[in-house]
> 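The structure's right below; bear with me while I get my questions together.
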Amino acid sequence: MSALFAPTLKENPTEAEVISHSLMLRAGMIRQLSSGIYHILPLGLRSLEKIMNIVRRELNRADGQELLLPALQPGELWKETGRWDIYGPELIRFQDRRERDFCLGPTHEEVITDIARKEIRSYRQLPLLLYQIQTKFRDEIRPRFGVMRSREFIMKDLYSFDRDQEGLQISYQKMYDAYSKIFTACGLEYIAVRADSGVIGGDLSHEFLIIADSGEEKVMKCPKCLTASTQEISHCPECQAEMEEKRGIEVGHIFQLGTKYSESMRAYFVDQDGKEKPLIMGCYGIGIGRTMAAAIEANHDENGIKWPWNIAPYEIIVIPVKLKNQASIELAESISQQLVDEGYEAIWDDREVSAGYKFKEADLIGFPVQVIIGEKALKNSILEIKIRSNGKRLDCTREQLTAMVKKMKND
RNA sequence: CGGGGAGUAGCGCAGCAUGGGAGCGCACUCGCUUGGGGUGCGAGUGGUCGGCGGUUCAAAUCCGCUCUCCCCGACCA
């Protein structure tokens, strides 16, 4: 712990208006470099990596294949689809030394369609689901709320290619299901609602929102069935239950694009009937950093972050209370090592600071579990476990620790 | 881009109306102390007062320009 680069703050930073931003700064997860541009510090990165790996796992299970596309994109491609003129000043443009137009990718429809048109020849290559996790650049009119809306941010974007509308429906449903699994695996309550397609274009689209009181979007949700909407619905046709109003943070968006890009960029394949047809496309985004911020919005209290287990930067912190007691120190180190050997992400607080200081900081950073080495541990070999999410404290012996931690992880 | 606010030590701020010592709390360093909820005491380190120009014997303070950051609106993962 003493070696960990996690510069925490006792006081609330003035620039942070929303709780997730404030807590990320206070917990030493991020720092700002410029408006809408952030350093991701070790704790922040660990959490992001957890989310990214959950995303990878679920997308791979849904037949997605990961690749990495260029962030640096020639303006030519954007001129082909007309978005060079349409996208506006949000697109960060510049010229290279030969005065050719370039931009930093805010999204990758053009680039993925370019590789698709070059390499997809036959219906036999379809369906194809390609995704990447990459830094995107958007010169937002007004960056705000920390990593919630920044100018440089990590996004997962997946693109589906199908031979026909029927195939697109299948791919779309696969992604819809994968998204549901992703947010559930992150330990988050989410809701999916019909949405407008916006600048991306296309037909059907859904937004995925994380439920949090501080969310910017109002959602009407039926407590009985799965119906939800961003608009007011007077009655729920099937079940007649009262719709309840919730607030949500948009973290994912899926679109059925159809042939918007494949036609304008001439991305055709030869179908079974020997005819050339445009690829039917879909695109599917998740804001990784925004998901992390939303998780904090949904899981915190006045003392700090209450990480869902699966996306916590670390799972367990071991806190020795008695600093001058060698047995206490050794016990903390040994228990921490035991947990690591058992596959947990545990660290122990080896700093020469008061017990209260350690407790406050452990709560702030939001370790799901604190293992406290106090009087009882030294006299009666009883460890104390504090569960961050509900504040409960439990006693156990060292022999029982493994089983107890395992149980907490599974809950 | 329109409207509002702020730049003084790493962080949070006072000082500015009425020009003349650059201060407070936290953090940091050292010593002692304390050790179950950001211990206490003492001694220290650290600042071109966002930048440029002007007024003045003298500018953090007055005037002009400029840069940056934050908040509200249109946009979005």
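So that the names make sense, note that chain A is the first sequence line, chain B the second, and so on, each numbered from 1. As the structure is a computational prediction, the values presented were derived from the model and not from experiment.
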> Nearest whole angstrom, please: distance from the C1' of rG38(B) to the CD1 of Ile317(A).
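Rounded to the whole Å, the gap is 14 Å.
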> Pick the C1' atom in rC30(B) and in rU45(B), then give their distance to the nearest Å.
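These two C1' atoms come out 10 Å apart once rounded.
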> Below the 4.0 Å mark, does rC70(B) have OP1 or OP2 next to a side-chain nitrogen or oxygen of Gln32(A)?
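Yes.
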> Between atom CG in Asp301(A) and atom C1' in rG37(B), what is the gap in whole Å?
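The answer, rounded to whole Å, is 13 Å.
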> For Glu375(A), which residues count as a salt bridge (charged side-chain N to carboxylate O under 4.0 Å, His left out) partner, sequence neighbours excluded?
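Listed in chain order: Lys322(A), Lys379(A).
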> Between rA77(B), rG36(B), rG38(B), which nucleotide has the shortest distance from any of its atoms to the side chain of Phe255(A)?
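Shortest atom-to-atom distance from the side chain points to rA77(B).
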> Mind checking if Ile154(A) touches a base, just sugar-phosphate, or nothing, with heavy atoms under 4.0 Å?
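Nothing, no heavy atom under 4.0 Å.
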> Is it the case that the base of rC76(B) and the side chain of Arg138(A) share a donor-acceptor contact (distance under 3.5 Å, atom types as modelled)?
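Such a pair does not exist between side chain and base.
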> Using the P atoms only, state how far rU39(B) lies from rC26(B), rounded to an integer number of Å.
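My reading of the P atoms in rC26(B) and rU39(B) gives 11 Å.
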> Are the ring of Phe153(A) and the six-membered base ring of rA77(B) within the stacking cut-offs of under 5.5 Å and under 30°?
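Yes; by the centre-distance and plane-angle rule, Phe153(A) counts as stacking on rA77(B).
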> Return each pair, listed once, that meets salt bridge (charged side-chain N to carboxylate O under 4.0 Å, His left out) where at least one residue sits in residues 154-166 of chain A; pairs must be two or more places apart or across chains.
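Only Lys136(A)-Asp157(A), Arg163(A)-Asp271(A) qualify under salt bridge (charged side-chain N to carboxylate O under 4.0 Å, His left out).
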> What distance, rounded to whole Å, do you find between the two P atoms, one in rU61(B) and one in rC16(B)?
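Going atom to atom, P in each nucleotide, I get 13 Å.
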> I need the residues from residues 6-31 of chain A with at least one non-hydrogen atom less than 4.0 Å from RNA chain B; give them sorted by number, or say none.
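Residues of residues 6-31 of chain A that come under 4.0 Å of RNA chain B are, in numerical order, Leu9(A), Lys10(A), Glu11(A), Thr14(A), Glu15(A), Glu17(A), Arg26(A).
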> In chain order, what residues pass the side chain to side chain donor-acceptor pair (under 3.5 Å) check against Arg56(A), with sequence neighbours excluded?
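With neighbours one apart ignored, the set is Asn53(A), Glu66(A).
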> Among the candidates rA77(B), rG37(B), rG36(B), find the nucleotide nearest to the side-chain atoms of Asp363(A).
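Nearest to the side-chain atoms of Asp363(A), counting from C-beta on, is rG37(B).
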> Pick one for rA6(B): is it syn, with its angle within 90° of 0, or anti?
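Anti, which is what one calls it when the glycosidic angle falls more than 90° from 0.
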> Need to verify one output field. Residue with the more 5' nearest nucleotide on RNA chain B, Phe145(A) or Gly289(A)?
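This one resolves to Phe145(A).
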> How far, in whole Å, is rG51(B) from rA59(B) if one measures between their P atoms?
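These two P atoms come out 15 Å apart once rounded.
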> If you look at every strand shown and take non-hydrogen atoms under 4.0 Å, does Val321(A) touch a base, only sugar-phosphate, or nothing?
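Here Val321(A) touches the bases of the nucleic acid.
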> Which of these nucleotides, rG38(B), rG36(B), rC1(B), is closest to any side-chain atom of Glu361(A)?
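The listed nucleotide nearest to Glu361(A)'s side chain is rG38(B).
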> Has Ser34(A) got a side-chain N or O lying under 4.0 Å from the OP1 or OP2 atom of rC69(B)?
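Answer is yes, contact under 4.0 Å.
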> What about the rings of Tyr123(A) and Phe269(A), do their centers lie closer together than 6.0 Å?
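Distance test on ring centres: not under 6.0 Å, no.
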> Give me each pair satisfying salt bridge (charged side-chain N to carboxylate O under 4.0 Å, His left out) with a member in residues 357-370 of chain A, each pair once, sequence neighbours excluded.
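Sorted pair list: Arg351(A)-Glu361(A), Asp363(A)-Lys386(A), Asp363(A)-Arg388(A).
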> For Lys324(A), answer base if it contacts any base atom (sugar-phosphate contacts may also be present), sugar-phosphate if it contacts only those atoms, and nothing otherwise; contact means non-hydrogen atoms under 4.0 Å.
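Since a base atom lies under 4.0 Å of Lys324(A), the category is base.
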> Rounded to the Å, how far apart are Asp349(A) CG and rG38(B) C1'?
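Rounded to the whole Å, the gap is 12 Å.
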> Identify whether NZ of Lys or CZ of Arg in Arg46(A) sits under 6.0 Å from the centre of the six-membered ring of Tyr314(A) and within 45° of that ring's axis.
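That pair qualifies as a cation-pi contact.
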> Tell me the interatomic distance from Leu91(A), atom CG, to rC76(B), atom C1', rounded to whole angstroms.
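Checked: the CG to C1' distance equals 14 Å.
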> Provide the distance between the two P atoms, one in rC75(B) and one in rC63(B), to the nearest whole Å.
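Per the computed distance, 39 Å lies between those P atoms.
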> Which atom names give the shortest non-hydrogen contact between Ala62(A) and Leu129(A), and what distance separates them?
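Shortest heavy-atom contact: O-CD1, 3.2 Å.
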> What parts of residues 379-401 of chain A reach RNA chain B, counting only heavy atoms under 4.0 Å away?
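RNA chain B contact set from residues 379-401 of chain A: Glu384(A), Lys386(A), Arg393(A).
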> Taking atom P in both rC70(B) and rU29(B), compute the distance separating them and give it to the nearest angstrom.
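My reading of the P atoms in rC70(B) and rU29(B) gives 30 Å.
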> Can a side chain N or O of Arg142(A) be found less than 4.0 Å away from OP1 or OP2 on rC72(B)?
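Checking rC72(B) against Arg142(A), a side-chain N or O does come within under 4.0 Å of OP1 or OP2.
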> Quick one: is Arg144(A) getting a side-chain N or O under 4.0 Å of the rC72(B) phosphate, OP1 or OP2?
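For Arg144(A), the contact criterion (side-chain N or O under 4.0 Å from OP1 or OP2 of rC72(B)) is met.
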> For the NZ atom on Lys181(A), are there more than 12 heavy atoms of other groups (residues, nucleotides or ligands in this structure) within a distance under 6.0 Å?
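Check fails, neighbour count at 12 or below.
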> Quick check, are the ring centers of Phe208(A) and His206(A) under 6.0 angstrom apart?
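They do not qualify: ring centres at least 6.0 Å apart.
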> Please classify the nucleic acid contact of Ser150(A) as base, sugar-phosphate, or nothing, using heavy-atom distances under 4.0 Å.
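Base: the residue Ser150(A), judged by heavy atoms under 4.0 Å, touches a nucleobase.
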> Mind checking who rG2(B) pairs with, Watson-Crick or G-U wobble, both distances under 3.5 Å?
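Looking at the geometry, rG2(B) pairs with rC72(B).
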> For Glu207(A) and rC76(B), give me the distance from atom CD to atom C1', rounded to whole Å.
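After rounding, the gap between these two atoms is 10 Å.
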> Could you tell me which nucleotide pairs with rC28(B) by Watson-Crick or G-U wobble geometry, both distances under 3.5 Å, or answer none if nothing does?
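Across any shown strand, rC28(B) pairs with rG44(B).
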> Remember a base hit wins even if backbone is also touched, and classify Leu364(A) as base, sugar-phosphate or nothing at under 4.0 Å, heavy atoms.
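The residue Leu364(A) makes base contact.
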> Run the side chain to side chain donor-acceptor pair (under 3.5 Å) test against Lys376(A) and tell me which residues pass, sequence neighbours left out.
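Lys376(A) satisfies side chain to side chain donor-acceptor pair (under 3.5 Å) with Asp395(A) only.
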> Below 4.0 angstrom, which residues in residues 54-68 of chain A have at least one non-hydrogen atom near RNA chain B?
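The answer is none.
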> Sequence neighbours excluded, which residues qualify as salt bridge (charged side-chain N to carboxylate O under 4.0 Å, His left out) partners of Asp85(A)?
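So Asp85(A) forms no salt bridge (charged side-chain N to carboxylate O under 4.0 Å, His left out) with any residue.
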> For residues 33-41 of chain A, tabulate all N or O donor-acceptor pairs below 3.5 Å that involve a side-chain atom, not counting sequence neighbours.
unit_1: Tyr38(A); atom_1: OH; unit_2: His21(A); atom_2: NE2; d: 3.4
unit_1: Tyr38(A); atom_1: OH; unit_2: Gln32(A); atom_2: OE1; d: 3.1

> Sequence neighbours excluded and cut-off under 3.5 Å, please list the side-chain donor-acceptor pairs for residues 305-313 of chain A, or say none.
unit_1: Lys306(A); atom_1: NZ; unit_2: Ser389(A); atom_2: O; d: 3.4
unit_1: Trp307(A); atom_1: NE1; unit_2: Ile365(A); atom_2: O; d: 3.0
unit_1: Trp309(A); atom_1: NE1; unit_2: Glu315(A); atom_2: OE2; d: 2.7
unit_1: Asn310(A); atom_1: ND2; unit_2: Ala185(A); atom_2: O; d: 2.8

> Quantified in whole Å, what is the P atom distance between nucleotide rG25(B) and nucleotide rA43(B)?
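Their P atoms lie roughly 12 Å apart.
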> Quick test of your reading of the model: are Arg117(A) and Glu80(A) salt-bridged, counting only N-O distances below 4.0 Å?
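Counted as a salt bridge, because a side-chain N and a carboxylate O are separated by less than 4.0 Å.
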> Taking side chain to side chain donor-acceptor pair (under 3.5 Å) as the definition, give me every residue that meets it alongside Thr291(A), ordered by chain and number, with sequence neighbours left out.
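So Thr291(A) forms no side chain to side chain donor-acceptor pair (under 3.5 Å) with any residue.
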> Return the value, rounded to whole Å, for the distance between atom NE2 of His253(A) and atom P of rC75(B).
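Taking NE2 of His253(A) and P of rC75(B), I get 14 Å after rounding.
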> When we call it a touch if two heavy atoms are under 4.0 Å apart, what does Glu90(A) touch: a base, just sugar-phosphate, or nothing?
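If one applies the 4.0 Å heavy-atom cut-off, Glu90(A) turns out to touch the sugar-phosphate alone, with no base involved.
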> How long is the line joining CZ of Phe359(A) and P of rU39(B), in whole Å?
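My rounded result for the distance is 12 Å.
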> Categorize Gly252(A) for me: base, sugar-phosphate, or nothing, with a 4.0 angstrom heavy-atom threshold over every strand shown.
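Sugar-phosphate: the residue Gly252(A), judged by heavy atoms under 4.0 Å, touches backbone atoms but no base.
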> If I take atom CG in residue Asp139(A) and atom C1' in nucleotide rC1(B), what distance separates them, rounded to the nearest angstrom?
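So the two atoms are 12 Å apart, to the nearest Å.
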